[in-house]
Number of protein chains: 2
Amino acid sequence: MQDTDIKKAGLKVTLPRVKILQVLEQGDAHHMTAEDVYKTLLDRNDEIGLATVYRVLTQFVDAGLVERHHFEGGQAIFELNRGGHHDHIVCRQCGRVEEFVDETIERHQHAIAEKHGFEIEDHSLIIYGNCIKQDCPHRLD
Amino acid sequence: MQDTDIKKAGLKVTLPRVKILQVLEQGDAHHMTAEDVYKTLLDRNDEIGLATVYRVLTQFVDAGLVERHHFEGGQAIFELNRGGHHDHIVCRQCGRVEEFVDETIERHQHAIAEKHGFEIEDHSLIIYGNCIKQDCPHRLD
DNA sequence: ATGCCTGCAAAGCTTTTGCAGATGC
DNA sequence: GCATCTGCAAAAGCTTTGCAGGCAT
């Protein structure tokens, strides 16, 4: 239940916050730019300012409710934090984003950090490629 | 020899291009923002416009001479392509960037791409943490 | 009632682009 | 000489911020 999450973050339960959380929960595309969230809200006739979308997303990131990723392209990508860490594989043709977890990679990263004298906090692994799925609209034949 | 590389890229060998390549080759910090490159040039009394730095770096990236990375923070990071792929581990305290290669991780990435029906083109693996080195100016004690 | 929120518009940053003059070949 | 390149200034994205009014508690 979203209201609880918002409260736990020390934030007031306001309409914009609830709606933004809903978009992130329901979106078929789990990975969205701030602009994507904004436009989705407009499509639903929820008129929420773009500045508010940015502000709220940042607050959610700070609260740990949402993750911010930096893919190619300069725009930040936001994703609801559903627990469970995962990495990403992105199709350069159609923009599709899929998630994966690989325990071996995770372990090796820790070993590498240790070897280099780093206390690991976080990591970002993004595989870029072309998906060869039937419905990739930019499919390479 | 840089002139050859520039020519091979189909670009004229101009002073700005040679100087920018020199900065990337000689920089102790192998990972620089466009602004870093620009300021380094100014320090050497080479007055090259920031727009030119951006334009030339982009041309070098397109030519495969330079790599562009997207770390946290929004600014693109440029690095001379010295052959040999590697990944990065970044200290959030002091900004230090170290490089590493892990064959197991590389292999697993290919396996993951295949499993998801992607033709892998590229990938970006960045580990963020805090280095605990003697000379880290922001060292956590 | 009060303090936290929102919307708007303006500003901030990084990066790109148009154009006139300069330069490499 | 001619095409390509550079510098400047302006513009273009994305994101943040100041402020005045609005809303949750």
Side-chain angles (χ1 to χ4, degrees), chain A residues 1-23 31-42 44-63 65-78 95, chain B residues 1-23 31-42 44-63 65-78 95:
Chain A
M1 205 267 190
Q2 317 98 320
D3 294 16
T4 317
D5 294 333
I6 295 175
K7 261 183 207 139
K8 264 194 261 176
L11 300 168
K12 283 191 180 168
V13 178
T14 62
L15 218 54
R17 284 176 181 152
V18 173
K19 300 244 175 204
I20 290 170
L21 211 44
Q22 280 175 2
V23 167
H31 303 83
M32 313 177 77
T33 64
E35 191 84 28
D36 289 338
V37 173
Y38 173 66
K39 283 188 184 148
T40 303
L41 289 165
L42 284 194
R44 301 185 182 181
N45 292 315
D46 292 323
E47 309 246 331
I48 293 173
L50 182 56
T52 299
V53 172
Y54 273 107
R55 242 179 325 222
V56 169
L57 285 173
T58 300
Q59 291 160 346
F60 286 174
V61 170
D62 292 344
L65 265 60
V66 165
E67 290 186 346
R68 190 197 323 251
H69 304 295
H70 303 274
F71 295 176
E72 294 176 329
Q75 292 148 83
I77 303 287
F78 297 89
Chain B
M1 205 268 191
Q2 318 96 321
D3 294 14
T4 316
D5 294 333
I6 295 175
K7 260 183 208 139
K8 264 194 264 178
L11 300 168
K12 284 191 180 172
V13 178
T14 62
L15 219 53
R17 284 175 181 153
V18 173
K19 301 245 175 204
I20 289 170
L21 211 44
Q22 281 175 3
V23 167
H31 303 84
M32 312 177 78
T33 64
E35 190 86 27
D36 290 338
V37 172
Y38 173 67
K39 283 189 184 149
T40 303
L41 289 164
L42 284 193
R44 300 184 181 180
N45 293 314
D46 292 323
E47 309 246 331
I48 293 172
L50 181 56
T52 299
V53 172
Y54 273 106
R55 240 176 328 221
V56 169
L57 285 173
T58 300
Q59 291 160 345
F60 286 174
V61 169
D62 291 343
L65 267 60
V66 165
E67 289 185 347
R68 190 196 324 248
H69 304 295
H70 303 275
F71 294 177
E72 293 176 329
Q75 291 148 83
I77 303 288
F78 297 91

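Protein chains get the first letters and strands the later ones, always in sequence-line order, with residue 1 at the start of each.
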Given the rule in the side-chain contact (heavy atoms from CB on, under 4.5 Å) test, do A/F60 and A/L11 qualify, once you have shown the distances and angles that lead to the verdict?
CA-CA 9 Å; A/F60 286 174; A/L11 300 168; 4.1 Å; yes
From C-beta outward on B/P16, which listed nucleotide comes closest to its side chain: D/dT15, D/dT6, C/dT15?
D/dT6
From B/I77 CD1 over to B/H70 NE2, what is the distance, rounded to the nearest 0.5 angstrom?
10.0 Å
Verify the contact: side-chain N or O of A/Y54 to OP1 or OP2 of D/dT15, cut-off strictly under 4.0 Å; return yes or no.
yes
With a non-hydrogen cut-off below 4.0 angstrom, is A/L11 in contact with a base, only sugar-phosphate, or nothing?
sugar-phosphate
Interatomic distance, A/Q59 CD vs C/dC4 P [rounded to whole Å]
12 Å
Under 4.0 Å: is that the gap between some side-chain N or O of A/T14 and OP1 or OP2 of C/dT6?
yes
What is the distance, to the nearest angstrom, from the CD atom on A/E35 to the P atom on D/dG13?
11 Å
Using a heavy-atom cut-off of under 4.0 Å over every strand shown, decide if A/E47 touches base, sugar-phosphate, or nothing.
sugar-phosphate
Can you tell me which residue pairs pass the side chain to side chain donor-acceptor pair (under 3.5 Å) test with a partner in residues 8-19 of chain A, sequence neighbours excluded?
A/R17-A/Q59, A/K19-A/D46
Heavy-atom nearest nucleotide on DNA chain C for B/T58 versus B/K12: which residue maps closer to 5'?
B/T58
How many whole angstroms separate atom CD of B/E72 from atom P of C/dT14?
16 Å
Given side chains that start at C-beta, do those of A/M32 and A/V23 come closer than 4.5 Å, heavy atoms only?
yes
Separation of atom NZ in B/K7 from atom C1' in D/dC5, rounded to whole Å:
16 Å
Does C/dG7 have OP1 or OP2 under 4.0 Å away from a side-chain N or O of A/R55?
no
Would the distance check show the side chain of A/T52 and the main-chain N or O of A/I48 forming a donor-acceptor pair, the cut-off being under 3.5 Å?
no
How many Å lie between CD on B/Q75 and P on C/dG12, as a whole number?
17 Å
Would you kindly compare A/G49 and B/T33 by the position of their nearest DNA chain C nucleotide and give the one closer to the 5′ end?
A/G49
In whole angstroms, the gap separating P of C/dC25 from CG of B/L15 amounts to 11 Å
Checking C/dT17, D/dT6, C/dT6 against the side chain of A/T52 (C-beta onward), the nearest is C/dT6
Separation of atom CZ in B/F60 from atom P in D/dC5, rounded to whole Å:
11 Å
Measure the distance from CZ on B/R17 to C1' on D/dT6 and round it to the nearest whole Å.
9 Å
Touch class at under 4.0 angstrom, heavy-atom based, for A/I48 against every strand present:
sugar-phosphate
